[in-house]
Amino acid sequence: MDRAGIKRVNLAMQGGGAHGAFGWGVLDKLAEDGRLDIEGLSASSSGSMNAAVYAYGRSVGGLEGAREALDKFWRNVASAGAMFSIDLQLLQPLTAAFSPSQLNPFGFNPLRDLLEKSVDLEAVHACTCVELFICATNVGTGQPRIFRNREVTLDVLMASACLPNLFAAVEIEGQHYWDGGYMGNPALYPLIYHTQARDIIIVHINPIVRPRVPRSAAEIQNRLNEITFNSSLLRELRAIAFVTKLIEQGWLRDEYRDKLKHVLMHSILADEALSDLSVATKLSTDWAFLCDLRDRGRAAAALWLEANFEHLGHHSTVDLRSEFLAAPPVHPAHAGA
């Protein structure tokens, strides 16, 4: 705790198209509450949009400025998004047979205009109130690339949210990039290596556990999407769980123990909050829908703060092994549902 009543933490935000409005709600509630000082913010895809907008708003207007900037961004999404969502829904059935260069030869993407209207990137570059770690996936190497405050451009944000079946890869410094969610959704390691705060709060968008086995083609595709965009996170959590066990059980020599950061993990889950939504709704930009997602995020953040704020700085509030790495088996009653 750096100041009276204020605790310094890191935030890791998943992406997921319009479902990123859930992350907006979480950030809005945390800023309204005011007891958390976010040191580092790692994000991918729509989480990157939230992160950049938050950093811009906070740098020019503090926590209230961050809330106002996020509200403006998502209002702009709704205002310009009706055509955007319709176009994507028309294009999606064609993506199995045609490449983005064939379907969209001029590279039209309304997201660029939305970001230009919503974010002052010079303020992001100059921001010292929060460290950004924006993830994109290098197409050639298959490795994640992390962009920090001064490196964040419109192209970087577009790359972090570039779905390869809908948009051509984004070129940055001679390299091409796709959605960061494939290799870091979100990436946790920058928060471990480049910040002081021990607490990392993951803001989930993609449910990890679903008790029902998908049956229809749409349900199968939805679950595959969730599993794909959770896979990199689960790999990192396994590594963190292993290192934490080494530290807590005293398996390390003294000369190594002080070199490893003992991180404390926390999660604001979406398993229940977003369990009723399919992947198709990630393209919906209806304002009422976005507000509903925001309110779900605010409610989830409020419940999390009430239950876990006092534990920050002392211990993890999730058991990595039981909650993420060894999910309970599907109950027989649900298996055939």
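Fair warning: this is a prediction, and the values are worked out from it, not measured in the lab.
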Peer 1: Between Asn138 and Gln175, is there a side-chain donor-acceptor contact under 3.5 Å, judged purely by atom types and distance?
Peer 2: yes
Peer 1: Between Asp71 and Arg75, does any side-chain N to carboxylate O distance fall below 4.0 Å?
Peer 2: yes
Peer 1: Within a 6.0 Å radius of atom CD on Glu171, are there more than 12 heavy atoms belonging to other residues, nucleotides or ligands?
Peer 2: yes
Peer 1: Kindly work out whether a path of hydrophobic side-chain contacts (I/L/V/M/F/W/Y, heavy atoms less than 4.5 Å apart) joins Phe22 to Leu277.
Peer 2: yes
Peer 1: Between Ala18 and Ser284, which heavy-atom pair has the shortest distance, and what is it?
Peer 2: CB-O, 2.9 Å
Peer 1: If you compare all heavy atoms of Val203 against all heavy atoms of Gly23, which two are closest, and at what distance to 0.1 Å?
Peer 2: CG1-CA, 4.3 Å
Peer 1: Any side-chain heavy atom of Asn206 sitting closer than 4.5 Å to one from Leu233?
Peer 2: no
Peer 1: Go through it in stages, so that I can follow the logic: the residues are Leu27 and Ile38, the test is side-chain contact (heavy atoms from CB on, under 4.5 Å), and I'd like the CA-CA distance, side-chain angles, deciding distance and then a yes or no.
Peer 2: CA-CA 10 Å; Leu27 280 172; Ile38 300 174; 4.1 Å; yes
Peer 1: Between Glu236 and Tyr189 (side chain of the first, backbone of the second, donor and acceptor by atom type, cut-off under 3.5 Å), is there such a pair?
Peer 2: yes
Peer 1: Given Ile268 and His204, is the side-chain contact (heavy atoms from CB on, under 4.5 Å) satisfied, shown in steps?
Peer 2: CA-CA 6 Å; Ile268 298 177; His204 296 262; 5.8 Å; no
Peer 1: When rounded to the nearest 0.5 angstrom, what distance separates CH2 in Trp24 from NE2 in His19?
Peer 2: 14.5 Å
Peer 1: I'd like to know whether His266 forms a side-chain hydrogen bond (donor to acceptor under 3.5 Å, both in side chains) with Ser316, so could you lay out the CA-CA distance, the side-chain angles of the two residues, the decisive distance to 0.1 Å, and finally the verdict.
Peer 2: CA-CA 6 Å; His266 316 274; Ser316 296; 5.6 Å; no
Peer 1: Is any side-chain N of the basic residue among Asp199 and Arg8 closer than 4.0 Å to the acidic one's carboxylate O?
Peer 2: no
Peer 1: When you measure from the side chain of Lys7 to the backbone N and O of Leu36, does any donor-acceptor pair fall under 3.5 Å?
Peer 2: no
Peer 1: Which pairs would a plain distance check flag for residues 299-310, meaning a side-chain donor or acceptor within less than 3.5 Å of a matching protein atom at least two apart in sequence or in another chain?
Peer 2:
from: Trp304; atom 1: NE1; to: Ser267; atom 2: O; distance (Å): 3.3
from: Asn308; atom 1: ND2; to: Trp304; atom 2: O; distance (Å): 3.1

Peer 1: Got a donor-acceptor contact below 3.5 angstrom from the Arg298 side chain to the Gly25 backbone?
Peer 2: no
Peer 1: Considering only heavy atoms from C-beta outward, does the side chain of Ile200 approach that of Leu264 to under 4.5 Å?
Peer 2: no
Peer 1: With the threshold set at 4.0 Å, does a side-chain nitrogen-carboxylate oxygen contact exist between Arg58 and Asp37?
Peer 2: yes
Peer 1: Roughly how far, to the nearest 0.5 Å, is OG1 of Thr137 from CD of Gln143?
Peer 2: 9.5 Å
Peer 1: Between Arg148 and Glu151, does any NZ, NE, NH1 or NH2 come within less than 4.0 Å of an OD or OE carboxylate oxygen?
Peer 2: no
Peer 1: Using a 3.5 Å cut-off and no angle test, enumerate the donor-acceptor pairs between side-chain atoms of residues 180-188 and protein atoms at least two apart in sequence or in another chain.
Peer 2:
from: Asn185; atom 1: OD1; to: Gly15; atom 2: N; distance (Å): 3.0
from: Asn185; atom 1: ND2; to: Phe229; atom 2: O; distance (Å): 2.9

Peer 1: Within the 4.5 Å heavy-atom criterion, are Asp28 and Leu70 side-chain neighbours or not?
Peer 2: no
Peer 1: Atom CD1 of Ile192 and atom OG of Ser42: how far apart are they, to the nearest 0.5 Å?
Peer 2: 10.0 Å
Peer 1: Could you report the tightest heavy-atom contact between Gly20 and Ile205, atom names first, then the distance?
Peer 2: CA-CD1, 4.3 Å
Peer 1: Do the side chains of Arg145 and Glu173 get nearer than 4.5 Å, heavy atoms only?
Peer 2: yes
Peer 1: Would you sort out whether Asn10 and Glu131 count as a side-chain hydrogen bond (donor to acceptor under 3.5 Å, both in side chains), showing the intermediate values?
Peer 2: CA-CA 9 Å; Asn10 291 315; Glu131 290 283 343; over 6 Å; no
Peer 1: Would you mind checking if Asp113 and Lys117 are paired as a salt bridge, meaning a charged N to carboxylate O distance below 4.0 Å?
Peer 2: no
Peer 1: Distance from Trp178 atom CH2 to His176 atom NE2, nearest 0.5 Å?
Peer 2: 10.5 Å
Peer 1: Taking all non-hydrogen atoms of both residues, which atom of Val26 and which atom of Gly297 are closest, and how far apart?
Peer 2: CG2-O, 3.5 Å
Peer 1: With a 3.5 Å distance limit and no angle check, can you tell me whether Asp179 reaches the backbone of Ser44 through a side-chain donor-acceptor pair?
Peer 2: no
Peer 1: Without swapping roles, check the side chain of Ser79 against the backbone of Asn76 for a donor-acceptor pair under 3.5 Å.
Peer 2: no
Peer 1: If you take the centroid of each ring, where Trp contributes its six-membered ring, are Tyr54 and Phe73 closer together than 6.0 Å?
Peer 2: no
Peer 1: Report yes if some heavy atom in the side chain of Val124 is under 4.5 Å from a heavy atom in the side chain of Leu132; otherwise report no.
Peer 2: yes
Peer 1: Heavy-atom distance under 4.5 Å between the side chains of Val77 and Met49, does that happen here?
Peer 2: no
Peer 1: Under 4.0 Å between a side-chain nitrogen and a carboxylate oxygen: does that hold for Lys29 and Asp295?
Peer 2: no
Peer 1: Ignoring hydrogens and angles, tell me if any N or O in the side chain of Arg198 forms a donor-acceptor pair with the backbone of His262 under 3.5 Å.
Peer 2: yes
Peer 1: Do any N or O atoms from the side chain of Ser160 and from the backbone of Ser45 form a donor-acceptor pair under 3.5 angstrom?
Peer 2: yes
Peer 1: Let me confirm one number: the OG1-CD distance from Thr195 to Glu39, rounded to the nearest 0.5 Å.
Peer 2: 4.5 Å
Peer 1: Between Phe147 and Tyr177, how do the two ring planes meet: parallel, tilted or perpendicular, split at 30° and 60°?
Peer 2: perpendicular
Peer 1: Side chains of Asn230 and Thr228: does their closest heavy-atom pair fall under 4.5 Å?
Peer 2: no
Peer 1: Tell me whether Ile227 is reachable from Ile202 by hopping between hydrophobic residues (I, L, V, M, F, W, Y) whose side-chain heavy atoms are closer than 4.5 Å.
Peer 2: no
Peer 1: When rounded to the nearest 0.5 angstrom, what distance separates CG in Leu30 from CD1 in Ile201?
Peer 2: 6.5 Å
Peer 1: Above 12 or not: heavy atoms from other molecules or residues under 6.0 Å from CZ of Arg35?
Peer 2: yes
Peer 1: Is there a donor-acceptor contact under 3.5 Å from the side chain of Thr153 to the main chain of Val156?
Peer 2: yes
Peer 1: Is there a donor-acceptor contact under 3.5 Å from the side chain of Ser118 to the main chain of Leu115?
Peer 2: no
Peer 1: Does any part of the side chain of Arg294, heavy atoms only, come nearer than 4.5 Å to the side chain of Leu290, both counted from C-beta?
Peer 2: no
